Amino acid sequence: MKLFTFATSPYARKVRIVLDYKGVAYEPIERCYSLDRKEDLRSTSARAEVPVLVLDDGRSIADSTIISEYLEQVYPTPAVYPRDAYERSRMRTIEDLCDRTFDAVGFGYFLGVLRKEAPEATAIQDAARDECHALMARLERELGDRDYFCGEISLADFSVITHAPLARSMKIEMSDLPRMRAWMDRMRQVPAVAADHERAAKAWSGVHNIAAEFEGPDGRIHWRDSRLEWPVRHGFIDLVAREFHAGKMMFPPKAN
Ligand SMILES: N[C@@H](CCC(=O)N[C@@H](CS)C(=O)NCC(=O)O)C(=O)O
């Protein structure tokens with residue numbers, strides 16, 4: 001199997017952790033359509049996003065949640081879905097919180113870093129920091145006194161671990177989050193998570209210019225669904241409008 005992946009993408013990282021945790025062999029292919037405009041990813045994925053899993057017979061599956069569900073069915077052991085139905089729904093809720101909200105908070109934060117000359121630059125970073133802290137507090141409550149979010153280790157843990165370290169990058173005070181701090185240390189002991197951490201840290205250490213990580217050859221940035229909702233919800237609609245009118249936004253291709 002092949003996996004179209006990108007070292008700093010939380011969605012691609014989640015799927016790589018699942019593959020590694022289950023011991024499934026695959027060939028990783030680094031792609032990011034907005035940055036490299038390579039047609040092989042574009043022709044495999046309707047939304048031109050990573051991750052995409054390409055099976056040995058050429059069929060492909062896009063979207064981290066859908067790929068994880070496929071992997072769980074085809075490679076059931078070790079399981080990454082809880083057996084209990086309610087815990088499984090909690091797992092999906094936590095994954096969704098990461099995919100929709102945590103991801104958008106990180107995107108908003110880095111947009112503020114990238115557009116440092118914009119009048120809203122400080123305010124958007126502050127709003128992201130506030131919401132990141134609120135998300136970490138929510139996860140602290142979800143964790144409770146468990147070792148892992150849903151009892152046994154699951155996709156919920158693999159989703160959160162690709163986002164939670166952002167709190168440290170944003171210099172968020174974590175003294176009121178003792179369970180999350182202990183959980184992060186616990187997760188780093190899992191070999192598939194440690195391998196992911198190493199790959200992501202190596203990729204971020206090579207990022208000397210945040211623009212290179214965001215802007216494609218024509219200066220456009222990939223936007224979609226919740227990444228658009230977040231700055232509008234926080235009142236940064238003028239910043240979004242300026243990006244739009246300056247032709248700096250690109251969206252997933254229209255359905256065909
Ligand atoms: N719902 C998708 C979201 C995937 C996604 O947004 N991937 C981003 C990377 S973090 C991407 O490929 N963006 C396209 C681009 O930047 O060209 C999933 O869960 O896999």
Side-chain angles (χ1 to χ4, degrees), residues 1-19 26 28-55 60-72 80-81 91-111 113-114 128 154-166 169 196 199-200 203-204 207 209-231 243 247-255:
M1 287 192 298
K2 292 182 180 155
L3 182 75
F4 286 113
T5 181
F6 193 65
T8 56
S9 160
Y11 304 95
R13 290 176 56 196
K14 185 205 314 179
V15 166
R16 285 193 80 171
I17 297 174
V18 172
L19 283 160
Y26 60 97
I29 303 171
E30 282 288 308
R31 289 286 182 273
C32 178
Y33 187 70
S34 59
L35 300 181
D36 61 33
R37 308 291 159 89
K38 294 224 168 113
E39 272 309 308
D40 54 0
L41 171 64
R42 170 73 189 91
S43 59
T44 315
S45 155
R47 288 179 61 87
E49 293 168 346
V50 289
V52 178
L53 185 69
V54 183
L55 306 182
S60 62
I61 308 167
D63 190 280
S64 63
T65 302
I66 300 172
I67 298 171
S68 299
E69 186 178 28
Y70 170 85
L71 292 171
E72 182 73 354
V80 300
Y81 279 25
M91 177 203 82
R92 285 290 296 112
T93 303
I94 293 167
E95 185 192 14
D96 191 60
L97 185 76
C98 292
D99 287 357
R100 251 201 265 246
T101 313
F102 225 137
D103 174 79
V105 166
F107 184 81
Y109 177 77
F110 286 113
L111 187 68
V113 174
L114 179 66
S154 75
L155 193 58
D157 301 281
F158 298 154
S159 302
V160 177
I161 199 60
T162 67
H163 291 283
L166 186 67
S169 318
D196 164 71
R199 283 191 297 262
W204 277 115
V207 177
N209 166 12
I210 192 79
E213 192 66 11
F214 269 79
E215 294 175 337
D218 53 7
R220 287 189 297 157
I221 297 176
H222 171 262
W223 284 78
R224 59 159 173 71
D225 42 57
S226 52
R227 291 182 180 178
L228 194 51
E229 175 192 303
W230 190 85
E243 293 285 309
K248 291 181 180 170
M249 295 169 100
M250 71 181 279
F251 296 94
K254 68 178 185 193

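Atom set for the values below is all heavy atoms of this structure, side chains included, hydrogens, waters and symmetry mates excluded. Just follow the structure's listing: the first ligand is 1, and inside any ligand the first atom is 1. Not measured: the values here are computed from a predicted model.
Between Trp204 and Phe110, the ring-plane angle classifies as parallel under the 30° and 60° cut-offs.
Contacts of Glu229 classified as salt bridge (Lys or Arg N to Asp or Glu O under 4.0 Å), with partners at least two apart in sequence or in another chain: Arg233.
Listed as neighbours of ligand 1 are Ser9, Pro10, Tyr11, Cys32, Tyr33, Ser34, Ala48, Glu49, Val50, Pro51, Asp63, Ser64, His222, Arg224, Arg227, each bearing a heavy atom under 4.0 Å from the ligand.
The two residues Ala7 and Ala203 make their nearest non-hydrogen contact at CB-CB, 3.5 Å.
We find that Asp40 and Lys2 are not joined by a salt bridge, their nearest charged nitrogen and carboxylate oxygen being 4.0 Å or further apart.
Counting heavy atoms of neighbouring residues, nucleotides and ligands inside a 6.0 Å radius, atom CZ of Arg224 exceeds 12 of them.
Between Phe107 and the options Phe102, Trp230, Trp223, a ring-ring contact (aromatic ring centres under 6.0 Å, His included) holds for only Trp223.
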